[in-house]
Q: 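Below is a structure I'd like to ask you about.
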Amino acid sequence: MNDPSLEDQINKRLTLNLLIQGSAMHAFLTSHYLVRDELNAINPKLLPLYDQVAASAFLVYWRGDLVLFFGRPATFWGRVNRPSHPFHNHRLLATHGPALAEESKQRAIERCKAKGVSTWPVANTFHALWLLGNLMYHESGRCKPLLEQLAVLTTQMIWGVPARLLHGKITSDTAFGQIRTPHTLRGWIMKQAAAGWSGVERRDGELHVTARAAAWPLLSHELVKGTAELICLHGLSSLPDDIYAKVMDQADRIEYEPWMLQTGPEMWRRLLPLLPDDRTQAQSLMQLARLPPRDLETLMFAVIEKPVWARDAMEAMET
């Protein structure tokens with residue numbers, strides 16, 4: 001961490017992870033509406049269940065059992081300026097992380113209330129588990145292949161990636177590929193409890209996105225996240241192998257996922273209306289991923305503090 005360029009690259013990767021997780025959570029909460037007619041044709045009970053499952057699972061990061069293992073979010077973000085904090089050297093998270101997390105929490109609570117989901121601590125966890133079990137019951141049987149196709153379709157609609165590069169499966173056996181070894185007991189617990197995984201794999205000379213999850217909303221989330229990861233790889237491709245390995249080891253830790261899923265959705269929500277109309281979301285994300293670390297940091301600060309300037313800066317980027 002004594003090498004400033006290495007620290008810059010780690011911070012850039014953390015910022016990109018914010019956007020990756022934010023875009024995935026946005027899809028988790030909303031992508032079922034992109035194919036609502038198709039879902040209703042399969043089973044009219046699915047759409048309202050997806051609404052409730054997504055809302056309850058989002059609030060779990062503040063009111064669920066994860067708090068027992070990771071501690072209170074308010075305490076975690078309240079210590080972000082301490083040198084021992086994992087995001088202390090990340091200026092964007094150190095400055096705006098607490099506010100982004102609080103804004104996401106309030107939106108999660110409002111969404112749960114609107115969808116008839118419990119917002120009480122502990123009760124929220126049990127309600128979330130019951131809803132997921134009910135959903136998996138309604139997804140069982142012959143409808144799974146159709147749902148898997150719809151998960152690919154929604155990912156195409158969001159990112160514009162060809163269907164042949166996307167592979168999704170609804171299954172209870174979600175782990176695949178080389179999963180990074182957790183650094184802590186908390187990370188190990190998260191790894192064992194994961195209900196979905198995604199990753200980028202090379203197949204026949206091309207990079208493909210593979211996702212496996214226990215239910216459709218999770219599969220949509222993982223496919224969108226894996227595709228965002230594929231797009232953001234363009235921002236790391238020029239790094240030497242040894243630097244790339246160090247960056248990924250420091251930034252891509254499963255222990256960081258709860259905090260990224262608290263702050264990323266609000267960051268993505270603020271970024272979305274500023275994206276240029278003359279290019280796709282995928283093109284805009286790729287342009288952001290290719291920015292030098294400090295330029296990306298400046299732009300993300302502007303998204304929060306000077307959105308008009310940020311919009312103009314993104315429109316000025318070469319397509």
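No experiment lies behind these values; they were computed from the predicted model shown.
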Q: Using a cut-off of 6.0 Å, state whether more than 12 heavy atoms not belonging to Asp241 lie near its atom CG.
A: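 Incorrect, the count does not exceed 12.
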
Q: Hey, does the side chain of Ser140 reach the backbone of Tyr137 with a donor-acceptor pair shorter than 3.5 angstrom?
A: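 Indeed, once roles are kept as given, a pair shorter than 3.5 Å links the two residues.
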
Q: Could you tell me if the side chain of Phe76 sits less than 4.5 Å from the side chain of Pro258, heavy atoms only?
A: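 In short, these two side chains do not touch, never coming nearer than 4.5 Å.
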
Q: Arg279 vs Gln287, test: side chain to side chain donor-acceptor pair (under 3.5 Å). Steps then yes/no.
A: CA-CA 10 Å; Arg279 64 207 73 167; Gln287 289 175 321; 3.1 Å; yes

Q: Do the ring planes of His85 and Phe87 sit parallel (below 30°), tilted (30 to 60°) or perpendicular (above 60°)?
A: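 Taking Phe87 first and then His85, their aromatic rings sit tilted (interplane angle of 30° to 60°).
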
Q: Please check if Val224 and Leu272 belong to a single hydrophobic cluster, counting links between Ile, Leu, Val, Met, Phe, Trp and Tyr side chain heavy atoms closer than 4.5 Å.
A: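 Linked within one cluster.
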
Q: Measure the CE-CG distance between Met260 and Leu18 for me, rounded to the nearest 0.5 Å.
A: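 The CE atom of Met260 sits 5.0 Å away from the CG atom of Leu18.
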
Q: Going by heavy atoms in the side chains, are Tyr61 and Pro73 under 4.5 Å from each other?
A: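 SC-SC contact between Tyr61 and Pro73 ruled out.
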
Q: If hydrophobic clusters are built by linking Ile, Leu, Val, Met, Phe, Trp and Tyr wherever their side-chain heavy atoms come under 4.5 Å apart, do Leu219 and Ile20 end up in the same one?
A: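 No, because Leu219 and Ile20 fall into different hydrophobic clusters, even though each may have its own neighbours under 4.5 Å.
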
Q: Return yes if some donor-acceptor pair links the side-chain N/O of Thr263 with the main-chain N/O of Trp259 below 3.5 Å, else return no.
A: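 Yes, because the side chain of Thr263 sits within donor-acceptor range (under 3.5 Å) of the backbone of Trp259.
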
Q: Are any side-chain N or O atoms of Asn11 and backbone N or O atoms of Asn89, one a donor and one an acceptor, separated by less than 3.5 Å?
A: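 A pair under 3.5 Å: yes.
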
Q: Do Val117 and Leu59 have side-chain heavy atoms sitting under 4.5 Å apart?
A: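 Not touching, per the 4.5 Å side-chain cut-off.
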
Q: Looking only at side-chain N and O atoms, does Ser220 offer a donor or acceptor that is under 3.5 Å from a partner on Ser31?
A: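 There is such a pair between these side chains.
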
Q: Which pair of non-hydrogen atoms, one from Leu39 and one from Leu147, has the smallest distance, and what is that distance?
A: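 So the two residues come closest at CD2-CD2, 3.6 Å.
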
Q: Rounded to the nearest 0.5 Å, what's the gap from NE2 on His26 to CD on Gln281? Could you check?
A: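 Answer rounded to 0.5 Å: 8.0 Å.
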
Q: Below 4.5 Å, heavy atoms only, C-beta onward: do Asn124 and Thr119 meet side chain to side chain?
A: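 SC-SC contact between Asn124 and Thr119 ruled out.
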
Q: Side-chain contact, heavy-atom cut-off 4.5 Å: Leu19 with Leu271?
A: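 Contact flag for Leu19/Leu271 side chains = yes.
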
Q: Show the nearest heavy-atom pair for residues Ala195 and Thr174, with the distance to one decimal.
A: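 Nearest pair, atom of Ala195 first, then Thr174: O-CG2, 3.5 Å.
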
Q: Taking a hydrophobic cluster as the set of Ile, Leu, Val, Met, Phe, Trp and Tyr residues connected by side-chain heavy atoms closer than 4.5 Å, whether directly or through intermediates, do Phe28 and Leu129 fall within one such cluster?
A: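 Shared cluster, no.
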
Q: Any ion pair linking Arg270 and Glu266 (charged N to carboxylate O, less than 4.0 Å)?
A: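 Yes, Glu266 and Arg270 are salt-bridged.
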
Q: One pair to check against side chain to side chain donor-acceptor pair (under 3.5 Å): Asp252 and Asn17. What are the steps and the verdict?
A: CA-CA 8 Å; Asp252 280 30; Asn17 283 344; 2.9 Å; yes

Q: Could you work out the complete set of other residues in the hydrophobic cluster of Val122, with links drawn between I, L, V, M, F, W and Y side chains under 4.5 Å apart?
A: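 Besides Val122, the hydrophobic cluster comprises Phe126, listed by chain and residue number.
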
Q: Under 3.5 Å, side chain of Thr95 to main-chain N/O of Leu92, donor-acceptor pair present?
A: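 No, Thr95 side chain to Leu92 backbone: no donor-acceptor pair under 3.5 Å.
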
Q: Are Arg107 and Glu103 ion-paired here, with the side-chain N under 4.0 Å from a carboxylate O?
A: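 Here Arg107 pairs with Glu103 in a salt bridge, since their nearest N and O are under 4.0 Å apart.
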
Q: Would Leu288 and Met300 count as a side-chain contact (heavy atoms from CB on, under 4.5 Å) if you check the C-alpha gap in whole Å, the side-chain angles of each, and the deciding distance to 0.1 Å?
A: CA-CA 9 Å; Leu288 293 175; Met300 291 301 101; 4.2 Å; yes

Q: Between Glu148 and Ile170, is there a donor-acceptor pair closer than 3.5 Å when you use the side chain of the first and the backbone of the second?
A: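 The answer is yes, because a donor-acceptor pair under 3.5 Å joins these two groups.
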
Q: Quick check: closest heavy atoms across Glu139 and Ala215, and the distance to 0.1 Å?
A: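 Between these two residues, the closest heavy atoms are OE1-CA, 3.3 Å.
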
Q: Go through it in stages, so that I can follow the logic: the residues are Trp77 and Glu102, the test is side chain to side chain donor-acceptor pair (under 3.5 Å), and I'd like the CA-CA distance, side-chain angles, deciding distance and then a yes or no.
A: CA-CA 10 Å; Trp77 290 111; Glu102 181 61 26; over 6 Å; no

Q: Looking at every heavy atom in both Glu222 and Ser198, which two are closest together, and how far apart are they?
A: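 Minimum heavy-atom separation between Glu222 and Ser198: OE1-OG, 2.8 Å.
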
Q: What do you reckon, are the aromatic ring centroids of Tyr50 and Trp216 less than 6.0 Å apart?
A: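 Yes.
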
Q: Kindly determine whether His32 and Asp51 satisfy side chain to side chain donor-acceptor pair (under 3.5 Å), including the steps that lead there.
A: CA-CA 8 Å; His32 44 284; Asp51 258 344; 2.9 Å; yes

Q: When you compare the side chain of Trp268 with that of Gln21, does any pair of heavy atoms fall below 4.5 Å?
A: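 Result no, sub-4.5 Å side-chain heavy-atom pair not found.
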
Q: Between Ile158 and Leu34, is a side-chain contact (heavy atoms from CB on, under 4.5 Å) present by the stated rule, with each step listed?
A: CA-CA 9 Å; Ile158 293 168; Leu34 297 175; 4.0 Å; yes

Q: Working to the nearest 0.5 Å, report the span between SG of Cys232 and NZ of Lys12.
A: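 Nearest 0.5 Å value for the SG-NZ distance: 9.0 Å.
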
Q: How far does OG of Ser172 sit from CZ of Arg212, to the nearest 0.5 angstrom?
A: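 Answer rounded to 0.5 Å: 9.0 Å.
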
Q: Considering all heavy atoms of both residues, which atom of Ile254 and which atom of Trp197 are nearest to each other, and what is their separation?
A: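 Result for this residue pair: CD1-CH2, 3.8 Å.
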
Q: So, for Val60 and Ala128, which heavy atoms are closest and what is the spacing to 0.1 Å?
A: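 For Val60 and Ala128, the tightest heavy-atom pair comes out as CG2-CB, 4.2 Å.
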
Q: Looking at Ala245, is its backbone amide N or carbonyl O close enough to the side chain of Asp249 to form a donor-acceptor pair, meaning the two atoms are under 3.5 Å apart?
A: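 Flag not set: sc Asp249 to bb Ala245 has no pair under 3.5 Å.
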
Q: What about Leu233 and Leu296, same hydrophobic cluster or not, with Ile/Leu/Val/Met/Phe/Trp/Tyr joined at side-chain heavy-atom distances under 4.5 Å?
A: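 Same cluster.
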
Q: Do the side chains of Arg294 and Pro292 get nearer than 4.5 Å, heavy atoms only?
A: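 Answer no - side chains too far apart.
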
Q: Could you grab the distance from atom CG of Leu146 to atom CD of Gln149, nearest 0.5 Å is fine?
A: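 That separation rounds to 5.5 Å.
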
Q: Using the salt bridge (Lys or Arg N to Asp or Glu O under 4.0 Å) rule, collect all pairs that involve residues 73-94, keeping only residues at least two apart or in two chains.
A: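 For residues 73-94, and leaving out neighbouring residues, the salt bridge (Lys or Arg N to Asp or Glu O under 4.0 Å) pairs sorted by first residue read Arg91-Glu297.
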
Q: Out of Arg203, His167, Glu201, which one pairs with His208 under the side chain to side chain donor-acceptor pair (under 3.5 Å) rule?
A: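 Of the listed options, the one satisfying the test is His167.
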
Q: How long is the straight-line distance from CD of Gln156 back to CG of Leu166, given to the nearest 0.5 Å?
A: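 Going from the CG atom of Leu166 to the CD atom of Gln156 covers 6.5 Å.
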
Q: Determine whether Thr280 and Leu275 satisfy the following criterion, side-chain contact (heavy atoms from CB on, under 4.5 Å), listing intermediate values before the conclusion.
A: CA-CA 9 Å; Thr280 65; Leu275 297 179; over 6 Å; no

Q: Is the shortest side-chain heavy-atom distance between Val209 and Leu223 below 4.5 Å?
A: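 Yes, side chains in contact.
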
Q: Is Tyr33 linked to Met157 within one hydrophobic cluster, defined over Ile, Leu, Val, Met, Phe, Trp and Tyr using a side-chain heavy-atom separation of less than 4.5 Å?
A: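 In one cluster with Tyr33: Met157, yes.
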
Q: Assess whether atom NZ of Lys246 is packed by more than 12 heavy atoms of other residues, nucleotides or ligands within 6.0 Å.
A: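 No.
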
